[in-house]
Amino acid sequence: SEIHISSGSGASNASIGSMDDFKVLAPNSSILAMDLSQLKPYNYMFFNPFGSNMSSSYSLQLGLQCAKIPKSTIRLGITHMSNYGVLSAQGSYTESAPYDTLTSSQTGQQIFIDSSFNRSYNMDYSTQQLRLDGAMIFRMFPEKRWSLHTGFGASIGMSYRSTTQIHYWEGSSISGANGESYFGEETSESFKNKNSFAASLYVPFGIDFGLGKKRAFWMPFHLYTEIRPSLNLHSIQELGTSFSTGMSSALGLRIKL
C-alpha cells in the first residue's frame, strides 16, 4: 500500500584496533613492516572517519498492510550502507629538541628556536554493504496531517567491498620568533579484504507530514523523518565479530498507493 524512499546517516562506537589487527588485514603493507614501536597508540580518535563508525544509507522499501493488525505497516526493502571506521587505530610519536639560539647584536636578547620530529599513523577498515531491511511500524493519529510512528526493525546483509586504508605521516617542524615551519611527507596504502557480514536491530521514532490536505494530487505524498537507536553487529572475516551501539537518522518520502 506504500512506497518508501529514504536516505540517512548515523554513527556508532567504533572498535579500536591494534597494530596486530591491521597486520592481519593488510599483511603486505610496507608501512606496517616499518619499525613503529616508538609510536604510542591512542585510545580515542580526533577526527572522522577514524574514531567512530560513520555510515550513510539509501533505502527503497514497500509498505505492506497486515490484515490481522490493521493499524500497523510492515516496511520491507533493500538498503545500501557505506560504513567508515568499523575498525580504527591511530598513534603518534613526537621528539622535541633545541635547534638554535639567535642573539641580537644590539640588545643582547636571545631567541630560542626549537625543532620537533613527528611520526603518526591512521588505519581504518570500511565496508560497502547491501542489506535486507524490514520494520513493523505503528502510527499514532494516522488520519491527521501530522502523525507519529514507532516500532521495531532489523537489517541484515553482506558487504561487496571491504577495504583497509593505512596512512603514515613523517615530518619535522621548526618554531621560533617568526612562527612555525612544517616539513613532512605522507604515505597511503589501500588493501581489499574479504566480504563481511553485518546486522542491526533498531527502534524507529518518527514524525510524518502529509503534503496535501485538499488537493488530490498531493494527498498520497508524505515526508517523514526518523531517529533510530540501534544495536549493531559487524563480522570481519579475518578477525571475528564485534558489537556496538549507535544512533542513526533518516529523511524519507512515503507515497500511499
Side-chain angles (χ1 to χ4, degrees), residues 1-12 48-49 52-86 126-162 195-234 244-257:
S1 62
E2 298 175 347
I3 296 175
H4 293 252
I5 303 170
S6 65
S7 65
S9 61
S12 63
N48 291 320
S52 60
N53 180 5
M54 306 298 295
S55 65
S56 60
S57 63
Y58 301 92
S59 296
L60 176 62
Q61 297 175 305
L62 299 178
L64 310 175
Q65 295 302 127
C66 180
K68 294 183 179 181
I69 315 176
K71 293 186 179 181
S72 69
T73 302
I74 299 173
R75 198 169 63 191
L76 185 65
I78 297 293
T79 295
H80 178 274
M81 294 190 68
S82 300
N83 290 282
Y84 305 96
V86 177
S126 60
T127 64
Q128 301 285 324
Q129 299 173 354
L130 282 175
R131 297 192 185 189
L132 180 64
D133 195 335
M136 178 72 78
I137 301 298
F138 302 95
R139 301 192 182 278
M140 297 176 61
F141 319 115
E143 71 284 355
K144 303 293 185 180
R145 192 171 191 181
W146 289 90
S147 64
L148 304 175
H149 62 268
T150 186
F152 53 89
S155 66
I156 184 170
M158 293 287 294
S159 67
Y160 64 90
R161 184 187 301 159
S162 300
N195 291 336
S196 58
F197 168 81
S200 297
L201 298 175
Y202 62 89
V203 179
F205 297 97
I207 300 175
D208 185 289
F209 173 71
L211 296 182
K213 189 174 182 180
K214 296 181 179 179
R215 296 186 180 181
F217 176 81
W218 292 108
M219 291 181 67
F221 296 93
H222 293 249
L223 290 177
Y224 67 91
T225 182
E226 286 181 2
I227 58 170
R228 302 169 180 170
S230 62
L231 174 65
N232 309 300
L233 178 150
H234 293 281
S244 66
T245 57
M247 180 71 72
S248 63
S249 61
L251 179 65
L253 174 66
R254 179 169 68 99
I255 307 170
K256 299 178 69 176
L257 303 179

Asker: Restricting to non-hydrogen atoms, name the atom on Phe221 and the atom on Phe217 that form the minimum distance, rounded to 0.1 Å.
Answerer: CE1-O, 3.3 Å
Asker: Atom CG of Leu231 and atom OG of Ser200: how far apart are they, to the nearest 0.5 Å?
Answerer: 8.0 Å
Asker: Give the minimum heavy-atom separation between Ser196 and Ser162, together with the two atoms involved.
Answerer: OG-OG, 3.7 Å
Asker: Could you verify whether a donor N or O on one side chain and an acceptor N or O on the other, from Ser159 and Gln129, lie under 3.5 Å apart?
Answerer: no
Asker: Would you please say whether a donor-acceptor pair under 3.5 Å links the side chains of Ser57 and Arg131?
Answerer: no
Asker: Quick one: side-chain contact (heavy atoms from CB on, under 4.5 Å) partners of Met219, sequence neighbours excluded?
Answerer: none
Asker: Let me check something: any side-chain donor-acceptor pairs from residues 203-215 under 3.5 Å, sequence neighbours excluded? List them with distances.
Answerer:
| residue | atom | partner | partner atom | Å |
| --- | --- | --- | --- | --- |
| Asp208 | OD1 | His222 | ND1 | 2.8 |
| Asp208 | OD1 | Arg254 | NH2 | 3.3 |
| Asp208 | OD2 | Arg254 | NE | 2.9 |
| Asp208 | OD2 | Arg254 | NH2 | 3.1 |

Asker: Roughly how far, to the nearest 0.5 Å, is OH of Tyr160 from CD of Gln128?
Answerer: 4.5 Å
Asker: For Thr225 and Ala250, indicate whether the former's side chain and the latter's backbone hold a donor-acceptor pair under 3.5 Å.
Answerer: yes
Asker: Would you give the length of the straight line joining atom CD1 of Ile137 to atom NE2 of His4, rounded to the nearest 0.5 angstrom?
Answerer: 7.5 Å
Asker: Any heavy-atom pair between the side chains of Ser12 and Asn232 that's under 4.5 Å?
Answerer: yes
Asker: Shortest non-hydrogen contact from Tyr202 to Ser230?
Answerer: CB-CB, 3.9 Å
Asker: Please name the pair of heavy atoms, one in Leu132 and one in Gly77, separated by the smallest distance, quoted to 0.1 Å.
Answerer: CD1-O, 3.5 Å
Asker: If you count heavy atoms of other groups shown closer than 6.0 angstrom to CZ of Arg145, is the number above 12?
Answerer: yes
Asker: Can you give me every donor-acceptor pair (side chain of residues 62-70, partner residue at least two apart or in another chain, under 3.5 Å) with its distance?
Answerer:
| residue | atom | partner | partner atom | Å |
| --- | --- | --- | --- | --- |
| Gln65 | OE1 | Ser1 | OG | 3.0 |
| Gln65 | OE1 | Thr73 | OG1 | 3.2 |
| Gln65 | NE2 | Ser72 | O | 3.3 |

Asker: Applying the side chain to side chain contact (heavy atoms under 4.5 Å, CB included) criterion to Pro142, which one of Met140, Arg139, Lys144 satisfies it?
Answerer: Arg139
Asker: Using side-chain heavy atoms (C-beta onward) and a distance below 4.5 Å, is Ile5 in contact with Tyr58?
Answerer: no
Asker: Side-chain donor-acceptor pair under 3.5 Å between Gln61 and Ser59, yes or no?
Answerer: no
Asker: Find the distance between OG (Ser56) and OH (Tyr84) and round it off to the nearest 0.5 Å.
Answerer: 5.5 Å
Asker: For the atom pair CZ (Phe152) and CZ (Arg228), what is the distance rounded to the nearest 0.5 Å?
Answerer: 14.5 Å
Asker: OG1/Thr150 to CD1/Ile227 distance, rounded to the nearest 0.5 angstrom?
Answerer: 9.5 Å
Asker: Side chains of Glu226 and His149: does their closest heavy-atom pair fall under 4.5 Å?
Answerer: yes
Asker: Answer whether the closest heavy-atom distance between the side chains of Leu223 and Leu253 falls below 4.5 Å.
Answerer: yes
Asker: State, with a plain yes or no, whether a side-chain heavy atom of Leu60 is found less than 4.5 Å away from one of Ile78.
Answerer: no
